[in-house]
Amino acid sequence: MKFETYGDYAARTRASFDRQAAMRSMGIRIDDLAPGELWLSMPFNEGFTQQHGFLHAGVITSAMDTAAGFAAYTLMPEEAGVLTVELKSSFLAPARGQRFNFHARVLKPGRTLIFTEAVATAIDGENPREIARMTATMMVVQGRAGVTG
């Protein structure tokens with residue numbers, strides 16, 4: 001699907017992502033992006049596990065939410081910001097692996113709401129395994145302090 005973009009959407013998206021202290025603290029980084037899509041990755045970190053040693057569902061949800069939000073952001077006007085207004089996560093398998101990938105894409109863009117989906121994959125050796133999926137609705141926000149750029 002071909003999407004309309006505004007200005008240097010890639011540089012703007014990377015700059016906004018770089019201001020996310022939460023992603024930085026979890027070691028999550030952008031691997032790639034395209035209009036309406038974003039790929040993130042994260043190394044395993046025992047500091048973000050739950051009581052059974054799996055990556056915590058809250059961390060996975062945060063990464064998928066961020067990937068979905070920035071996939072939407074790639075399509076927004078230069079003066080706009082993005083906020084999540086709704087999300088649903090489904091967990092398919094325990095989050096066990098040496099690293100984790102998060103891919104999000106826009107399903108349907110709009111002027112006010114953008115519908116997205118994200119997939120989390122655990123990489124354990126050479127075996128990637130889908131561990132979670134998310135659908136999320138993002139809101140295009142303009143003219144509000146603290147949410148642009």
Side-chain angles (χ1 to χ4, degrees), residues 1-6 9-76 80-141 146-149:
M1 189 178 301
K2 188 167 171 78
F3 295 113
E4 178 183 0
T5 60
Y6 300 86
Y9 76 91
R12 189 168 33 90
T13 300
R14 288 181 188 281
S16 184
F17 180 87
D18 288 345
R19 291 192 298 276
Q20 293 236 342
M23 294 299 105
R24 191 170 42 256
S25 69
M26 289 187 271
I28 297 174
R29 65 179 187 157
I30 293 178
D31 285 341
D32 202 4
L33 61 92
E37 287 192 82
L38 193 90
W39 292 264
L40 300 176
S41 65
M42 171 189 184
F44 175 78
N45 181 330
E46 188 176 337
F48 297 111
T49 60
Q50 42 82 292
Q51 72 274 20
H52 302 293
F54 304 126
L55 192 64
H56 195 283
V59 173
I60 296 165
T61 299
S62 293
M64 289 190 301
D65 174 44
T66 299
F70 279 102
Y73 188 71
T74 65
L75 304 180
M76 292 185 184
V82 61
L83 290 175
T84 304
V85 295
E86 174 273 336
L87 60 80
K88 181 196 181 297
S89 298
S90 298
F91 297 90
L92 311 171
R96 177 184 10 226
Q98 288 84 43
R99 75 178 198 280
F100 301 88
N101 295 333
F102 309 94
H103 173 242
R105 68 187 185 103
V106 169
L107 299 174
K108 182 181 181 298
R111 288 181 301 160
T112 304
L113 298 176
I114 299 177
F115 297 92
T116 65
E117 72 176 1
V119 175
T121 304
I123 311 300
D124 195 16
E126 295 297 316
N127 303 316
R129 182 172 40 106
E130 187 175 317
I131 56 171
R133 285 190 167 257
M134 171 184 281
T135 57
T137 306
M138 302 297 160
M139 184 170 85
V140 179
V141 181
V147 295
T148 58

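Model, not experiment: these values are computed from the prediction.
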Tell me the closest heavy-atom pair linking [X] and [Y], and the distance in Å.
X	Y	value
Gly110	Val140	O-CG2, 4.1 Å
Gly69	Val82	O-CG2, 3.7 Å
Ser25	Phe48	O-CZ, 3.5 Å
Met42	Phe102	CB-CE1, 4.0 Å
Ile123	Pro128	CD1-CB, 3.6 Å
Ala80	Tyr73	O-CE1, 3.4 Å

- request: Could you point out which residue of Val106, Val85, Thr137 forms a side-chain contact (heavy atoms from CB on, under 4.5 Å) with Ile114?
  value: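 Running side-chain contact (heavy atoms from CB on, under 4.5 Å) over Val106, Val85, Thr137 with Ile114 returns exactly one hit, Val106.
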task: May I ask you to check whether over 12 heavy atoms, not counting those of Gln51, lie within 6.0 Å of atom CD?
output: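 Atom CD in Gln51 is packed in, count exceeds 12.
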Between [atom1] on residue [X] and [atom2] on residue [Y], distance to nearest 0.5 Å:
X	Y	atom1	atom2	value
Arg14	Phe70	CZ	CZ	11.5 Å
Glu86	Met139	CD	CE	13.5 Å
Ser90	Met134	OG	CE	9.5 Å

query: Are Leu40 and Phe17 close enough, and set up right, to give a side-chain contact (heavy atoms from CB on, under 4.5 Å), and what steps lead you there?
result: CA-CA 11 Å; Leu40 300 176; Phe17 180 87; 3.8 Å; yes
Give the table of side-chain donor-acceptor pairs shorter than 3.5 Å for residues 52-61, with sequence neighbours excluded, one pair per line with atom names and distance.
from: His56; atom 1: ND1; to: Gly58; atom 2: N; distance (Å): 2.8
from: Thr61; atom 1: OG1; to: Ala57; atom 2: O; distance (Å): 2.9

- prompt: Under the side chain to side chain contact (heavy atoms under 4.5 Å, CB included) test, which residues partner Ser62, sequence neighbours left out?
  reply: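 With sequence neighbours excluded, Ser62 shows a side chain to side chain contact (heavy atoms under 4.5 Å, CB included) to Met23, Met26, given in chain and number order.
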query: Sequence neighbours excluded, which residues qualify as side chain to side chain contact (heavy atoms under 4.5 Å, CB included) partners of Thr84?
result: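 Side chain to side chain contact (heavy atoms under 4.5 Å, CB included) check on Thr84 returns Asp65, Leu87, Met138.
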With a cut-off of 3.5 Å and sequence neighbours excluded, list every side-chain donor-acceptor pair involving residues 93-100.
from: Gln98; atom 1: OE1; to: Gly125; atom 2: N; distance (Å): 2.6
from: Gln98; atom 1: NE2; to: Asp124; atom 2: OD1; distance (Å): 2.9

- request: Quick one: which residue pairs count as a side-chain hydrogen bond (donor to acceptor under 3.5 Å, both in side chains) with a foot in residues 104-121, not counting sequence neighbours?
  value: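 Pairs touching residues 104-121 that pass the test: Arg105-Glu117.
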task: Enumerate the residue pairs fulfilling salt bridge (charged side-chain N to carboxylate O under 4.0 Å, His left out) with a member in residues 24-43, sequence neighbours excluded, ordered by first and then second residue.
output: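 As it turns out, the salt bridge (charged side-chain N to carboxylate O under 4.0 Å, His left out) pairs with a partner in residues 24-43, which skip direct neighbours, are Arg29-Asp31.
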message: Looking at Ala71, is its backbone amide N or carbonyl O close enough to the side chain of Thr74 to form a donor-acceptor pair, meaning the two atoms are under 3.5 Å apart?
response: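 Yes: the side chain of Thr74 pairs with the backbone of Ala71.
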field: Side-chain heavy-atom pair Leu38, Ile30 within 4.5 angstrom cut-off
entry: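 Result yes, sub-4.5 Å side-chain heavy-atom pair found.
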